[in-house]
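These notes concern the structure reproduced below.
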Protein chains: 4
Amino acid sequence: MATQRRSPDATRRNPAVRRAILTAALELAAEVGYAQLSIEGIAARAGAGKQTVYRWWPSKGAVLFDALLMLSEGDADQAAELPDTGDLEADLKTVLRATVEELNDPRISEPMRALAVEMLIDPALAADYTERLDRPVKDLKRRRLRAAQAAGQLATDADIDLAVELIWGPLRNRWLYREGPLTAEFADAVVEAALNGLRPQPPAAG
Amino acid sequence: MATQRRSPDATRRNPAVRRAILTAALELAAEVGYAQLSIEGIAARAGAGKQTVYRWWPSKGAVLFDALLMLSEGDADQAAELPDTGDLEADLKTVLRATVEELNDPRISEPMRALAVEMLIDPALAADYTERLDRPVKDLKRRRLRAAQAAGQLATDADIDLAVELIWGPLRNRWLYREGPLTAEFADAVVEAALNGLRPQPPAAG
Amino acid sequence: MATQRRSPDATRRNPAVRRAILTAALELAAEVGYAQLSIEGIAARAGAGKQTVYRWWPSKGAVLFDALLMLSEGDADQAAELPDTGDLEADLKTVLRATVEELNDPRISEPMRALAVEMLIDPALAADYTERLDRPVKDLKRRRLRAAQAAGQLATDADIDLAVELIWGPLRNRWLYREGPLTAEFADAVVEAALNGLRPQPPAAG
Amino acid sequence: MATQRRSPDATRRNPAVRRAILTAALELAAEVGYAQLSIEGIAARAGAGKQTVYRWWPSKGAVLFDALLMLSEGDADQAAELPDTGDLEADLKTVLRATVEELNDPRISEPMRALAVEMLIDPALAADYTERLDRPVKDLKRRRLRAAQAAGQLATDADIDLAVELIWGPLRNRWLYREGPLTAEFADAVVEAALNGLRPQPPAAG
DNA sequence: ATCTAATCGAGACGGTACGTCTTGTCTTAAG
DNA sequence: CTTAAGACAAGACGTACCGTCTCGATTAGAT
């Protein structure tokens, strides 16, 4: 009979243990890949008991998720907004080039791919991720695109969500599916193609 | 690791057993999801010995892959080419709407998502998939777009691979990440946006 | 990679589980015989995980060995010495008749035969058995025979180990090889023959 | 009883294959021990198909049994009778010393121990063995002892079977249980003790 | 200054699935 | 037919982790 699991008291939580577990998770994810990653192994490497992991996280995906959050919280310089110099194309290229940098860092990239995989499997984790990481970032993107719309740099009838997908999707896919190298040139080409479309361009009107 | 086993003699292979295993894999993938799918379970449902599965496939992902191939080989009417009526936009909408249909069928969709996940984890499987399923289809897409280019319906300097990504990527992502319903309207909107780009359209010149 | 298997902490061991496993082993050994006995089956019948068996015993023979030890430890009345009434022949007959009783009880006899077989195969097990079960008993036998020697009931130049073999060996063999029924009469006959030898007896002097 | 399979036609049997299988069985038994011996391995080493082994023998014990028979049939000089010089004690020592020689040869000893083990497990095999190997030899022993009885060298009321056990048992046990080295001295001591008994000997009457 | 309630490391436990091994039957192809 | 070769169903092997539970030993807040 399931004894009423008293929800753990977060105030008593030992932050050193938390850090040790998250660090171990990141390292192991990078070393052995997500499939071979195990809670047993994380606890062992962190010098923690298994129950300590299970007390605070429901799955190995959740551990990894928090680990990535810990990483990104290190960035105190997280922009509250995407840059807006008035030149949409230039701003987007700046942002995508920065993303390219990040995804080329295996310490971030490998655990992140692992997490992406887990989200495809675990809907609860996906919802959590969407809520806490994806949505805030997506809101930034939407805000920047709406500003561009207001400034006449984007079609007034453009579907903003679809626009986000056209601009950021190709980069994510090339990364996730390892379909090719992530370069600044690719980032630029995507921005240009998404903004201009694929049809022949009419001669610039003056 | 895997010592080079004497490669099994495929001519002796029992096709009925092969079919039973692939069918069992498809059914179980649809029923319990990829995570709970096990070679143990596949063998049991197929009435096969575990060794028979391990003899012919290196992983559960590989089984599922062959199972999907078996499904698609049932389609004798597989187009050797994408439709080309001369109207690129209409043709693309036709193709994407058909894809939408397919992805809304859980018997195809669920095992396919499972396979997509496994490919992210297993590079060998990903390479096999790319070689045998993805590349042929992608070649069809490229060929159709090059024809459009020749017909002046696509910019002469367009990167064909990037174009494929812009057109087909959003649909794949919405499906894989369950980011929203897959509808014919969405398919149409993607085609239009990809072809026209996101910038305000200049007044049609005549 | 093989992490050094830390020897399990015996203090944490659950005695109820231990008993369940040993009991299951005894029952199965009696039911299906040693060859068909499997660790898988023992764990299943005991309602225990396989790992729990493997954690504490290296082989099915070792399980059975402990099971028999458990049985014999139930005998709180285990004699610290063989009986010594001063009449060697009578005492030996008493002891061998008791052994006959025991070997005719299939609950003891069947697992014991199974263990005997395994010892022939597994030298480590044989050494363990000799150390923990056979030697103590053999020492009792030796002690009783030496007392008889001192009392002039045994030849002073008799090889005690050989004497043990002559007295107890025939019973063990008839049991192990199923060469005939184990009866009190047989026990008596063995004792007499071993003590008197096979040659014609000279007329009793006085 | 094994369902009566259509008994294979022994006249068509290929004797070279038979020899190859029996030789392989002997070699493997000596090399890896009985536990690790497998029909799979025997067939492989003999360059034979598994079915060929299964067609002619019901178990690996049966193969080994025939293999040992093949060995002993090589001895064309098999005595039809045990030596009878009129001196029982001397004759028995001769016979037991010869047995000691044989048991010290690992090419004979190892497969024989393996067979002994299997007989403990497999009653059908034990019956077959008793019928074809043990009984003929035991009859020789009995015959020699009865002759001694008639010659007044053995007590007239001695149980012949028990006598056989007292004389030959200790050697077999020391061998089977590896309880000590097999030497001519041990053989002699056994014969003397069995014949004379363990009690103090009365002074020889003239 | 104790008491109490939680965390924490440790690891036993019942399980599931793994990937390998052998068994004994069956099929194929060559002789 | 016999034979070598080997696919096949079945199931035991021993291993890795799973997620739950229990055990002392620290802690740290509340008395």
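Every chain is numbered from 1, with letters handed out A, B, ... down the list of sequences. Model, not experiment: these values are computed from the prediction.
Annotation: C:Arg107, atom CZ; neighbour count of heavy atoms from other residues, nucleotides and ligands within 6.0 Å does not exceed 12.
Checking B:Ala46 against C:Glu40, the closest nucleotide of DNA chain F that is more toward the 5' end is the one next to B:Ala46. When each of C:Thr52 and B:Ser59 is assigned the nucleotide of DNA chain E bearing its nearest heavy atom, the one mapping closer to the 5' terminus is C:Thr52.
The nearest whole Å value for the distance from the CH2 atom in A:Trp57 to the P atom in E:dT7 is 13 Å. Here E:dG9 presents its C1' atom at 17 Å from CD1 of A:Ile42, a figure rounded to the nearest Å. Atom-to-atom, CD of D:Gln36 to C1' of E:dT20 comes out at 15 Å; the value is rounded to the nearest Å. One can place CD of B:Gln51 at 17 Å from P of F:dC13, the figure rounded to the nearest angstrom. In this entry the distance linking CZ of A:Arg55 with C1' of F:dC21 reads 12 Å, nearest Å. Rounded to whole Å, the distance from CD1 on B:Ile21 to C1' on F:dA7 is 11 Å. The nearest whole Å value for the distance from the CZ atom in B:Arg18 to the P atom in F:dC8 is 11 Å. For the pair A:Ile39 CD1 and F:dA16 P, the interatomic distance rounds to 18 Å; values are reported in whole Å.
Contacts of D:Gly41 with the nucleic acid, taken as non-hydrogen atoms under 4.0 Å apart, are absent.
Side chain of A:Thr52 to backbone of A:Ala48: no donor-acceptor contact under 3.5 angstrom is found. Side-chain atoms of B:Thr23 come within 3.5 Å of backbone N or O of B:Arg19 as a donor-acceptor pair.
Interface remark: the C:Lys50 side chain does form a donor-acceptor pair with the F:dG14 base, using a distance-only criterion of under 3.5 Å.
Side-chain atoms of B:Trp56 lie closest to F:dC8 of the nucleotides E:dA12, F:dC13, F:dC8. Minimum atom distance to the side chain of B:Arg13 is reached by F:dC8, of the listed E:dG14, F:dC8, E:dG24. Taking only side-chain atoms of C:Asn14, from C-beta outward, the nucleotide of E:dC13, F:dA4, F:dC18 with the closest atom is E:dC13. Proximity note for C:Val17 (side chain, C-beta onward) versus F:dA28, F:dG14, E:dC13: the nearest is E:dC13. Comparing E:dC18, E:dT23, E:dG9 against the side chain of C:Arg12 picks out E:dG9 as the nearest.
By the 4.0 Å N-to-carboxylate-O rule, A:Arg45 lies close enough to A:Glu27 to be salt-bridged with it. A salt bridge between B:Asp9 and B:Arg55 is absent, with no side-chain N of the basic residue lying under 4.0 Å from a carboxylate O of the acidic one.
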